[in-house]
Amino acid sequence: MTKKDWKKIREKAVPYLLILPVVLYYGAFWLRPVIVSVVASFTDPNGHFTLQNFAMVVTEENFGPAVRNTAVIVVFSVTLEFFVALFLALLINRKFAGSGIFLFLAMIPMALPAAAAGAMWVTGLTAHGWMNSLLHYVGFLEKSKKIYWLAGSDLSLLALLIVIDAWQVIPSVMIILLAGLQNIAEEMKEAGYVFGGHYLTVLRKITLPMLRPTIQTAVILRLISAIQIWLIIVLLLGYSRLPVLVERVVYYTKEVDQLYISNQMASGYTLIVSVIVSLAALLYLQVSGAFKRDKEQVV
C-alpha cells in the first residue's frame, strides 16, 4: 500500500478511535447488563430456557393494576406537563420584566433530587404535615379539621401523584421547549404579524410547526420517564398499595430478593417495561408523523 492509502485509512479510522472509549463504556455498563437481563428473563432458576417467567408476571395479582396505573399516570401526567410547560415556556419567552426571576423560581423543583422531593411530600401529606398547616394558615381549612391526603381511593391517590410528579417535572420539559422557542428566528414570527396574523394564528401556523422537533424530543423523554415512575410512589405509599410496573421490578429486586422466583419475576417485569417503553416511543413518532417526514426528506 502506498503512503497515500495509509493516510486515507488513518483519516477514516480517527473518528472511530475517538468514539471507541464511549463504545467500550456503554458496552461494559449498559449493553452487558441489558443482555444479562434479557437472558435472565428467559431462564429458570436452574439455568434452562423457559417462558414461564412471563406467565408468572402476567398472572401475578398486581400485574393488571400495575399496567393500568402506569397507563393512567403516563397519559394524564405527560398531557398535563406538556401543556403547562408549553404555556410557561411561551410566557418566559416573551421576556417580560422579571422573567429571569420567574424562570429561576420555576426551576427550583427540578433541582431537587427525587429522594429529597419525596421526603418533602411525605412530611407534607401527613395529617399534621405542612400542607394542612398551610391550608389552615391561608384560611382554606378550619383549624379543627384535617385532610388525610394518603387515605383516599386509588383514583384520588393517582391524581395526587400526577400533580406531585408534574410539579417536579414541568420545569425540565419547560426548559427543553424554551430552548426550542429561542432558536426560532424572530423574523419568521414578525412576517406572520406583517401579513395580518394575530398572536394565536402565528402560534398555530408558525411557532408550533417550527417547534415540532423540540416537542417530539420533550414528549418522548417525558413519556419514557413517566413509564418508569416508582420512587415517589414507594416513599409515599410503600410497596404494592398502588402498584406500577417499575415499582414491581424494585419490589422483587430489593424487597423480596430472597424468594426463589424473585430474580425471574424482576427480569420478566424489566423486559416487559423495556418493550412498553420502546413501543410507546415508536407509537408517538408514528402518530406525530416523524417517520413520514424522514422518508420525504430522504426522497
Review point. Would Phe87 and Leu200 show up in the same hydrophobic cluster when neighbours are defined by side-chain heavy atoms closer than 4.5 Å?
Key: yes
Point to revise | N/O donor-acceptor pair under 3.5 Å between Asp44 side chain and Asn46 backbone | key: yes
Practice item. Check whether any side-chain heavy atom of His48 sits under 4.5 Å from a side-chain heavy atom of Thr43, and report yes or no. Key: no
Review point. Is a side-chain donor or acceptor of Ser37 paired with a backbone partner of Pro33 at a separation under 3.5 angstrom?
Key: no
Review point. What distance do Leu150 atom CG and Ser156 atom OG have between them, rounded to the nearest 0.5 Å?
Key: 9.5 Å
Point to revise | Qualifying ring pair (Phe, Tyr, Trp, His ring centres under 6.0 Å) pairs, either residue in residues 170-191, two or more places apart | key: none
Review point. Any donor-acceptor pair under 3.5 Å linking the side chain of Asn53 with the backbone of Ser41?
Key: yes
**Study point:** For Tyr26, all residues meeting ring-ring contact (aromatic ring centres under 6.0 Å, His included), sequence neighbours excluded
**Key:** none
Practice item. Could you tell me whether the side chain of Leu20 reaches within less than 4.5 Å of the side chain of Tyr16, counting heavy atoms only? Key: no
Check your understanding: Which is it for Tyr148 and Thr126 under the side-chain contact (heavy atoms from CB on, under 4.5 Å) test, yes or no, and what are the steps along the way?
Key -> CA-CA 7 Å; Tyr148 297 91; Thr126 60; over 6 Å; no
**Study point:** Flag side-chain contact, heavy atom, 4.5 Å: Arg241 against Leu157
**Key:** yes
Check your understanding: Is the backbone of Pro243 close enough, under 3.5 Å, to the side chain of Asn69 for a donor and an acceptor to pair up by distance?
Key -> yes
Check your understanding: Which heavy atom in Ala40 sits nearest to a heavy atom in Asn263, and how many Å separate them?
Key -> CB-ND2, 4.3 Å
Check your understanding: Roughly how far, to the nearest 0.5 Å, is CD of Glu142 from CG of Leu135?
Key -> 12.5 Å
**Study point:** Apart from Leu17 itself, residues in the same hydrophobic cluster as defined by side-chain heavy atoms under 4.5 Å
**Key:** none
Exercise for review: Take Asn93 and Lys95, measure what side-chain contact (heavy atoms from CB on, under 4.5 Å) needs, and give me the verdict at the end.
Suggested key: CA-CA 5 Å; Asn93 194 53; Lys95 297 180 175 63; 3.9 Å; yes
Practice item. State whether the side chain of Asn132 and the backbone N or O of Ile147 hold a donor-acceptor pair below 3.5 Å, judged by distance alone. Key: yes
Please tabulate, for side-chain N and O atoms in residues 251-261, each donor-acceptor pair with protein atoms closer than 3.5 Å (sequence neighbours left out).
from, atom 1, to, atom 2, distance (Å)
Tyr252, OH, Glu60, OE2, 2.6
Thr253, OG1, Val249, O, 2.7

Run the side-chain donor-acceptor check on residues 227-238: report pairs under 3.5 Å with partners two or more places apart or on a different chain.
from, atom 1, to, atom 2, distance (Å)
Gln228, NE2, Ile224, O, 3.2

Check your understanding: Going only through I, L, V, M, F, W and Y residues with side-chain contacts under 4.5 Å, is there a path from Leu208 to Val173?
Key -> yes
Study note, to complete from the structure: Rounding to 0.5 Å, atoms CD1 (Ile19) and CG (Leu24) come to a distance of 10.0 Å
Study note, to complete from the structure: d(Ile92 CD1, Leu88 CG) to nearest 0.5 Å is 6.0 Å
Practice item. Answer with yes or no whether the hydrophobic clustering places Ile206 together with Phe195; edges join I, L, V, M, F, W, Y residues whose side-chain heavy atoms lie under 4.5 Å apart. Key: no
Check your understanding: What do the steps show when you test Ile108 against Leu105 for side-chain contact (heavy atoms from CB on, under 4.5 Å), and what is the final call?
Key -> CA-CA 5 Å; Ile108 290 176; Leu105 295 175; 4.0 Å; yes
Point to revise | Close side-chain approach of Phe63 to Arg248, heavy-atom, < 4.5 Å | key: no
**Study point:** Pairs flagged by side chain to side chain donor-acceptor pair (under 3.5 Å) wherever residues 195-205 is involved - sequence neighbours left out
**Key:** His198-Thr201
Study note, to complete from the structure: Those residues at least two apart in sequence (or on a different chain) that pass ring-ring contact (aromatic ring centres under 6.0 Å, His included) with Phe140 are none
Exercise for review: State the CE-CE distance between Met174 and Met107, to the nearest 0.5 angstrom.
Suggested key: 6.5 Å
Review point. For Tyr193, does the OH atom sit with more than 12 other heavy atoms under 6.0 Å from it, leaving out its own atoms?
Key: yes
Revision key, fill the gap. Sorted by chain and residue number, the side chain to side chain contact (heavy atoms under 4.5 Å, CB included) partners of Ile176 (sequence neighbours excluded) come out as Thr214, Ala218, Leu221
Practice item. Indicate yes or no for a side-chain donor-acceptor contact from Ser99 to the backbone of Phe96 under 3.5 Å, with no hydrogens or angles considered. Key: yes
Point to revise | Distance-minimising heavy-atom pair for Glu247 and Ser240 | key: OE2-N, 2.8 Å
Check your understanding: What's the spacing between Ile220 CD1 and Thr217 OG1 if we round to 0.5 Å?
Key -> 6.5 Å
Exercise for review: Using a 4.5 Å cut-off on heavy atoms from C-beta on, say whether the side chain of Thr270 contacts that of Val38.
Suggested key: no
Please output the side-chain donor-acceptor pairs of residues 115-125 that fall under 3.5 Å, not counting sequence neighbours, one pair per line with the distance.
from, atom 1, to, atom 2, distance (Å)
Thr123, OG1, Ala119, O, 3.3
Thr123, OG1, Met120, O, 2.8

Review point. In the single-linkage hydrophobic clustering (I, L, V, M, F, W, Y; side-chain heavy atoms under 4.5 Å), do Phe49 and Ile35 co-cluster?
Key: yes
Contacts under 3.5 angstrom, residues 161-171 side chains, donor-acceptor by atom type, not counting sequence neighbours:
from, atom 1, to, atom 2, distance (Å)
Asp165, OD1, Arg222, NH2, 3.3
Asp165, OD2, Ser77, OG, 2.9
Asp165, OD2, Arg222, NH2, 2.2
Gln168, NE2, Leu112, O, 3.2

**Study point:** Residues, nucleotides or ligands: over 12 heavy atoms within 6.0 Å of Glu11 CD
**Key:** yes
Review point. Quick one: does Trp30's side chain get under 4.5 Å of Tyr25's, heavy atoms only?
Key: no
Check your understanding: Hey, what else clusters with Leu18 if you join Ile, Leu, Val, Met, Phe, Trp, Tyr whenever side-chain heavy atoms sit under 4.5 Å?
Key -> Val14
Output side-chain donor-acceptor pairs under 3.5 Å for residues 179-190, partner residues at least two apart or in another chain, one line each.
from, atom 1, to, atom 2, distance (Å)
Asn183, ND2, Ala179, O, 3.2
Glu186, OE2, Lys189, NZ, 3.4

Check your understanding: If only atom types and distance count, is the side chain of His136 paired as donor or acceptor with the main-chain N or O of Lys145 below 3.5 Å?
Key -> yes
Exercise for review: May I have the step-by-step check of side-chain contact (heavy atoms from CB on, under 4.5 Å) for Val246 and Tyr269, ending in yes or no?
Suggested key: CA-CA 8 Å; Val246 176; Tyr269 264 111; over 6 Å; no
Practice item. Report whether Val273 and Val36 are members of the same hydrophobic cluster (ILVMFWY, side-chain heavy atoms less than 4.5 Å apart, transitive linking). Key: no
